[in-house]
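Could you have a look at this structure, given as structure tokens, before my questions?
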Amino acid sequence: MILVTGGAGYIGSHVNKELHRRRYQTIIYDNLIYGHPESVRQGILEIGDLADEMRLEEIFTKYPIDAVMHFAAYAYVGESVKKPAEYYINNICNTIHLLEAMRRHQVHIIVFSSSCASYGVPAQLPITEGMQQCPVSPYGRTKWMAEQILEDYRQAYELSYSCLRYFNAAGADPDGELGESHMPETHLIPLVLEAAAGMRESVSIYGTDYPTPDGTCIRDYIHVQDLADAHIRALEYLMSGGESVCLNLGSGKGWSVAQVIDTVRQVTGRDFIVKKEAARAGDPPALVGSAELAGKVLGWQPRYGDLQVIVEHAWKWMQRKGY
Ligand code: UFG
């Protein structure tokens, strides 16, 4: 069985669904602070917190766990600057609790949710895995530190890991069953779609004088279903004896905030108010990742690489919810 921590969250729930499609059995361990129980449509949902070591011990004793996929974490960059203690406790201390439970129960495989935030402001694009990691937020530092901890555990205790450094996860389940819903929502694509749906008065562009062709920030948006596929490939790679590895998961393409807004207008056929605002602190002008290594190691290629498709799937899911 596969233990999926944070499996009721946005990326975890898509991975859980894909695991079941490929005939894996799963236990979803989630405290439901940000996760949605209705997103867990397959597998066994065990409500619990990684801070609760007794509960974790109970889970590892109750189920024959073969491998862990670790999504549970706090993931708001801005919040992490204001509340670093919460981020270090949840993303680092609780990851160590999980690793210790794995060690006690001789579970040697982990697929870990890392982030392009671990690179900070890159010296060049596209970002490759060998480039220096110099995170600029507590959130990014928690992901970078957790990667170092996994490497130390590998050397000392025979752990095998895949650290998957996501770029901007976006889109929704192509079947329309699952999608992105954060409380509060801070991510660009859902916010623009909410404006298109009339749920928000307007959408803001944070920064219009960046050194990019149209002056707005560029990001590499990667479809959540492509992320799900990469996770299962990473799991199977480790289960068949592959060496521990850190991989970028991006599309290799960058889209500006203005391009995202145009695409939402095209896909939805709706117009809405766009406001120009000051740049958000800590936002790098452009982040685009090379996924060449993931292609070589996992045979992975993004299938839904087009921004239009990403937006179409996210819109379809919002419409299903009745927006
Ligand atoms: N943006 C706007 N207006 C908004 C919201 C966002 O212009 O209302 C811009 C941001 O400035 C940024 C881009 O849209 O340039 C994307 O912003 P998101 O908040 O959607 O995503 P981020 O790039 O800030 O964050 C993502 C992940 C994080 C990860 C980070 C790494 O969500 O988990 O990339 O930089 F850490």
Side-chain angles (χ1 to χ4, degrees), residues 6 9-12 34 71-81 87 90-91 112-122 125-127 131 133-147 163-171 180-182 184-196 199-224 227 248-251 253-264 272-289 307 310-311 314:
Y10 172 42
I11 303 172
Y34 290 116
F71 297 94
Y74 292 151
Y76 290 109
V77 177
E79 183 184 67
S80 78
V81 178
Y87 276 70
N90 194 30
N91 297 6
F112 175 65
S113 280
S114 190
S115 169
C116 65
S118 66
Y119 291 108
V121 182
L125 296 178
I127 300 170
M131 279 166 61
Q133 287 171 289
C134 198
V136 293
S137 67
Y139 168 70
R141 274 188 282 279
T142 65
K143 292 295 173 182
W144 175 76
M145 283 178 193
E147 288 192 1
C163 290
L164 302 180
R165 298 176 184 158
Y166 317 147
F167 282 70
N168 286 53
E180 185 170 12
S181 173
H182 296 105
E185 190 53 79
T186 60
H187 295 102
L188 180 66
I189 293 178
L191 287 174
V192 184
L193 286 172
E194 285 175 14
M199 295 165 60
R200 286 178 188 274
E201 275 186 6
S202 62
V203 69
S204 298
I205 299 183
Y206 297 142
T208 50
D209 56 0
Y210 278 102
T212 59
D214 64 21
T216 66
C217 271
I218 291 177
R219 292 290 180 272
D220 178 342
Y221 295 91
I222 181 77
H223 197 296
V224 68
L227 289 183
N248 285 344
L249 297 182
S251 71
K253 286 179 272 183
W255 288 281
S256 71
V257 174
Q259 285 174 314
V260 169
I261 291 173
D262 284 348
T263 307
V264 169
F272 43 88
I273 300 167
V274 176
K275 291 182 178 166
K276 292 180 182 176
E277 291 199 30
R280 204 166 57 174
D283 269 348
L287 292 172
V288 178
L307 180 62
I310 290 174
V311 172

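Order of listing sets the numbers, starting from 1, for every ligand and every atom in it.
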Ser114 side-chain N/O to Cys163 backbone N/O, donor-acceptor pair under 3.5 Å: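 Checked: no pair found.
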
Protein contact of atom 22 (P) of ligand 1 - nearest heavy atom, named by residue and atom, plus distance: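 Of the protein heavy atoms, Asn168 ND2, 3.5 Å lies nearest.
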
For ligand 1, the portion of Phe167 having any non-hydrogen atom under 4.0 Å away: neither

Ligand-residue contact atoms, ligand 1 with Val77, heavy atoms, under 4.0 Å: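 Heavy-atom distances to Val77 below 4.0 Å select 36 (F).
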
Closest approach of any protein heavy atom to atom 20 (O) of ligand 1, naming residue and atom: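 Protein heavy atom with the smallest distance to atom 20 (O) of ligand 1: Leu188 N, 2.8 Å.
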
Subset of ligand 1 atoms that lie under 4.0 Å from at least one heavy atom of Ala117: 31 (C), 36 (F)

Close N or O approach (Tyr206, ligand 1; < 3.5 Å): yes

Whether Tyr76 side chain and Pro184 backbone form a donor-acceptor pair below 3.5 Å: yes

Among Arg280, His182, Arg200, Lys276, closest by any non-hydrogen atom to atom 17 (O) of ligand 1: Arg280

N/O donor-acceptor pair under 3.5 Å between Tyr210 side chain and Pro284 backbone: no

Atom 36 (F) of ligand 1: the protein heavy-atom neighbour that sits closest, reported with distance to 0.1 Å: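 The closest one turns out to be Tyr139 CE2, 3.0 Å.
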
Donor-acceptor side-chain pairing of Glu79 and Tyr87 below 3.5 angstrom: yes

Identity and distance of the protein heavy atom lying nearest atom 32 (O) of ligand 1: His187 NE2, 2.8 Å

Ile205, any N or O under 3.5 Å of ligand 1 N or O: no

Winner among Ile218, Asp283, Thr216, Val274 once heavy atoms are compared against atom 11 (O) of ligand 1: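 Result: the heavy atom closest to atom 11 (O) of ligand 1 is in Asp283.
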
Test of proximity, Thr186 against ligand 1: N or O pairs below 3.5 Å: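 So ligand 1 has an N or O lying under 3.5 Å from an N or O of Thr186.
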
Those atoms of ligand 1 less than 4.0 Å from some heavy atom in Cys217: 15 (O)

Numbered atoms of ligand 1 (with element) below 4.0 Å of Ser204, judged on heavy atoms: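 What qualifies from ligand 1 is 2 (C), 3 (N), 4 (C), 7 (O), 8 (O).
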
Numbered atoms and elements of ligand 1 in range of Leu287, under 4.0 angstrom, heavy atoms: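 Those atoms are 35 (O).
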
Minimal non-hydrogen separation, Met131 against Pro122, with atom names: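 Nearest pair, atom of Met131 first, then Pro122: CE-CB, 4.0 Å.
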
Ligand 1 atoms in contact with Cys116 (distance to a heavy atom under 4.0 Å): 31 (C)

N/O donor-acceptor pair under 3.5 Å between Glu147 side chain and Trp144 backbone: no

Side-chain donor-acceptor contact under 3.5 Å, Ser113 with Tyr166: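 Per modelled atom types, Ser113 and Tyr166 side chains form a pair under 3.5 Å.
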
Which residue and heavy atom of the protein sit nearest atom 9 (C) of ligand 1, plus the separation: Val257 CG2, 3.7 Å

Proximal atoms of ligand 1 relative to Ser115 (non-hydrogen, under 4.0 Å): 29 (C), 36 (F)

Atoms in ligand 1 flagged as close to Tyr221, the criterion being non-hydrogen separation under 4.0 Å: 13 (C), 16 (C)

Short side-chain to backbone donor-acceptor contact, Glu185 and His187, under 3.5 Å: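 Confirmed, Glu185 side chain pairs with His187 backbone.
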
side-chain contact (heavy atoms from CB on, under 4.5 Å) assessment of Thr212 paired with Ser256: CA-CA 8 Å; Thr212 59; Ser256 71; 5.7 Å; no

Asn91 side chain to Ala73 backbone, donor-acceptor under 3.5 Å: no

Flag, side chain of Thr216 to backbone of Val257, donor-acceptor distance under 3.5 Å: yes

Positive for side-chain contact (heavy atoms from CB on, under 4.5 Å) with Val192, one of Val264, Ile205, Asp262: Val264

